[in-house]
Each structure stands twice: as structure tokens, then as C-alpha cells.
Amino acid sequence: MRIRSVLTALALVLGGALFAPGVGALTSAGEAHAVTKISHATATSMFRNSGITWSSSGNCSDRYNSTCTSFEQLNPATAQGAQTLKSASGCALNITGGTETGHASGTYSHWNGYKLDFSKYTCLGNYIKNTFTYIGVRGDGAPQWRSGAGNVYADEGNHWDVTFYNCGGC
């Protein structure tokens with residue numbers, strides 16, 4: 001009887017964690033789970049506090065304008081991942097792409113809050129290439145590196161396209 005009680009309690013605790021909103025541990029492969037999103041203002045505050053800059057060709061932050069750089073509806077783990085990258089690398093970081101329209105679609109996309117684009121700086125490139133594992137080229141030919149946390153860094157020529165599946169060890 002006692003073992004059954006312990007197992008039942010454990011199942012209730014784990015079941016609550018596995019099915020809690022925003023956790024989604026039991027989603028099928030390739031399926032993004034529900035994630036709480038943050039506002040542009042919250043993200044910019046986080047970035048500012050970490051010394052991360054951002055810019056846009058249109059000098060704007062409208063999510064529906066492709067020349068802007070928006071952080072509206074960004075995943076918290078994506079913002080935290082950028083902060084982790086900044087602190088771990090010690091490199092300057094400038095974000096040039098966020099959740100604005102105009103990027104490729106997909107589950108783990110810019111629009112869905114999983115990706116950020118970063119300016120290419122020698123420090124950042126050296127950090128990524130010397131710290132993470134090269135995993136080959138993407139379908140579009142971009143070479144990729146995977147961090148120990150599982151985040152993927154793609155060299156798109158004029159910028160780094162980073163997919164943050166998590167906060168990178170924050």
C-alpha cells in the first residue's frame with residue numbers, strides 16, 4: 001500500500017509539471033509548446049540591463065514592419081539566452097532581428113519568439129566557433145554550431161541567426 005501511495009503522489013506531482021501550461025514536456029517532436037511571451041518593453045529592459053544593443057534598418061520596433069526590429073511576443077528564454085550569450089562570451093552583442101515579420105516561417109521561427117539575429121563581430125564569431133560544436137550546414141547552406149544547451153547558431157553571411165530552444169543555462 002505504501003509504495004502505491006508514493007507512486008500515486010509522484011505521478012500527480014510529475015503529471016502536474018508535465019502538463020502545466022508553458023511546460024509542454026510531452027509534446028511531439030518538432031511541436032512547439034505553449035510559452036508565455038514578453039513585451040517589447042520587457043525585452044529591451046532585459047537587454048539594456050545586460051549591455052546588449054539592438055538596431056533596425058527602419059529605426060523602428062513595429063512587429064508588422066519588416067524593416068523594424070521588434071521583440072513583441074518574444075519567448076522569455078530567448079531573451080535570457082541572449083543575456084547568457086553576452087555574459088558567457090564577454091562579446092558585444094547587437095540584435096538586428098527579432099519577432100518582426102519578414103523572416104522564414106516555421107515552428108521555431110523569429111515570429112514565434114525563438115530566434116534573434118545578431119551583428120557579426122569577430123569576438124562573437126570566434127566564441128561560437130571555438131566553444132560550440134559544428135553540426136554541418138542548414139538546408140540553405142548556412143553553417144551551424146550547437147551549444148551545450150542545444151541552441152543553434154547559424155552563420156547567414158552578414159549576421160548570426162540564433163535559435164534559442166532554452167535560455168542557455170541561465
Side-chain angles (χ1 to χ4, degrees), residues 27 29-33 35 37-40 42-170:
T27 59
E31 178 185 330
H33 54 273
V35 176
K37 305 292 185 171
I38 60 175
S39 69
H40 182 82
T42 297
T44 57
S45 176
M46 291 171 71
F47 297 147
R48 191 175 294 108
N49 289 339
S50 295
I52 298 170
T53 61
W54 58 95
S55 58
S56 72
S57 57
N59 196 28
C60 51
S61 61
D62 181 355
R63 179 167 161 81
Y64 299 96
N65 182 337
S66 63
T67 65
C68 297
T69 298
S70 175
F71 305 122
E72 197 63 39
Q73 296 295 302
L74 191 67
N75 295 335
T78 301
Q80 292 166 335
Q83 291 177 307
T84 300
L85 178 62
K86 169 71 175 163
S87 64
S89 70
C91 298
L93 291 184
N94 181 63
I95 302 169
T96 60
T99 60
E100 66 281 347
T101 190
H103 297 280
S105 62
T107 301
Y108 297 102
S109 64
H110 282 272
W111 184 261
N112 288 337
Y114 288 91
K115 288 187 165 205
L116 291 173
D117 289 340
F118 294 93
S119 296
K120 285 187 80 175
Y121 297 128
T122 302
C123 179
L124 181 59
N126 287 341
Y127 176 78
I128 291 168
K129 293 175 182 178
N130 295 325
T131 307
F132 304 144
T133 303
Y134 178 73
I135 58 171
V137 297
R138 214 168 49 183
D140 62 0
Q144 302 175 101
W145 287 260
R146 180 176 288 123
S147 72
N151 297 322
V152 176
Y153 296 73
D155 182 348
E156 293 192 344
N158 62 353
H159 67 274
W160 287 98
D161 176 77
V162 183
T163 307
F164 291 99
Y165 297 104
N166 58 64
C167 67
C170 60

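The figures here come from the full heavy-atom set of this structure, side chains too, leaving out hydrogens, waters and symmetry mates.
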*To the nearest 0.5 angstrom, please state how far the CG atom of L124 sits from the OG atom of S89.*
6.0 Å
_Sequence-distant partners of K120, side-chain hydrogen bond (donor to acceptor under 3.5 Å, both in side chains), two or more places apart_ = D155
*Are the side chain of T99 and the backbone of S70 linked by a donor-acceptor contact shorter than 3.5 Å?*
yes
*Which pairs count as disulfide bond (SG atoms under 2.5 Å apart) when at least one residue sits in residues 135-168, sequence neighbours excluded?*
C167-C170
*With K37, which residues qualify under side-chain hydrogen bond (donor to acceptor under 3.5 Å, both in side chains), at least two apart?*
N75
*Using the disulfide bond (SG atoms under 2.5 Å apart) rule, collect all pairs that involve residues 81-125, keeping only residues at least two apart or in two chains.*
C91-C123
*asked:* Which residues pass the side-chain contact (heavy atoms from CB on, under 4.5 Å) test with T42, not counting sequence neighbours?
replied: I38, S39, M46
*Atom pair CZ (F118) and CH2 (W160), whose distance is rounded to the nearest 0.5 Å*: 11.5 Å
*Which residue pairs satisfy the salt bridge (charged side-chain N to carboxylate O under 4.0 Å, His left out) criterion with at least one member in residues 53-79, sequence neighbours excluded?*
none
*Pairwise distance CG(N112) to OG1(T163) - rounded to 0.5 angstrom*: 11.5 Å
_Minimum heavy-atom distance A92-Y121, with the two atoms named_ = O-CD1, 3.4 Å
*So Y153 and L85, side-chain contact (heavy atoms from CB on, under 4.5 Å) or not? Walk me through it.*
CA-CA 11 Å; Y153 296 73; L85 178 62; 3.9 Å; yes
*asked:* Rounded at 0.5 Å granularity, tell me how far CH2 in W54 sits from CZ in F71.
replied: 6.5 Å
_Under the rule for side-chain contact (heavy atoms from CB on, under 4.5 Å), what residues qualify as partners of A142, not counting sequence neighbours?_
R138, D140, A154, E156
*D117: partners by side-chain contact (heavy atoms from CB on, under 4.5 Å), with sequence neighbours left out*: T96, H103, H110, H159, D161
*Residues forming a side-chain hydrogen bond (donor to acceptor under 3.5 Å, both in side chains) with Q80, sequence neighbours excluded*: none
Donor-acceptor contacts under 3.5 Å from residues 128-136 side chains, at least two apart:
from, atom 1, to, atom 2, distance (Å)
N130, ND2, N126, O, 3.0
T131, OG1, Y127, O, 2.7

*asked:* Whether the side chain of T78 engages the backbone of G113 through a donor-acceptor N/O pair (distance < 3.5 Å, no angle test) should be reported.
replied: yes
_Closest heavy-atom pair and its distance - F47, A82_ = CE2-CB, 3.8 Å
*Mind checking what makes side-chain contact (heavy atoms from CB on, under 4.5 Å) contact with S66, not counting sequence neighbours?*
T101
*So, does S50 use its side chain to make a donor-acceptor pair with the main chain of I52 at under 3.5 Å?*
no
*Who are the side-chain hydrogen bond (donor to acceptor under 3.5 Å, both in side chains) partners of N65, not counting sequence neighbours?*
T67
*For L116 and G98, work out which heavy atoms get closest and say how close.*
CD2-CA, 3.9 Å
*Working to the nearest 0.5 Å, report the span between OH of Y165 and NZ of K115.*
7.5 Å
*Answer yes or no: are there more than 12 heavy-atom neighbours, outside N49 itself, under 6.0 Å from its atom CG?*
yes
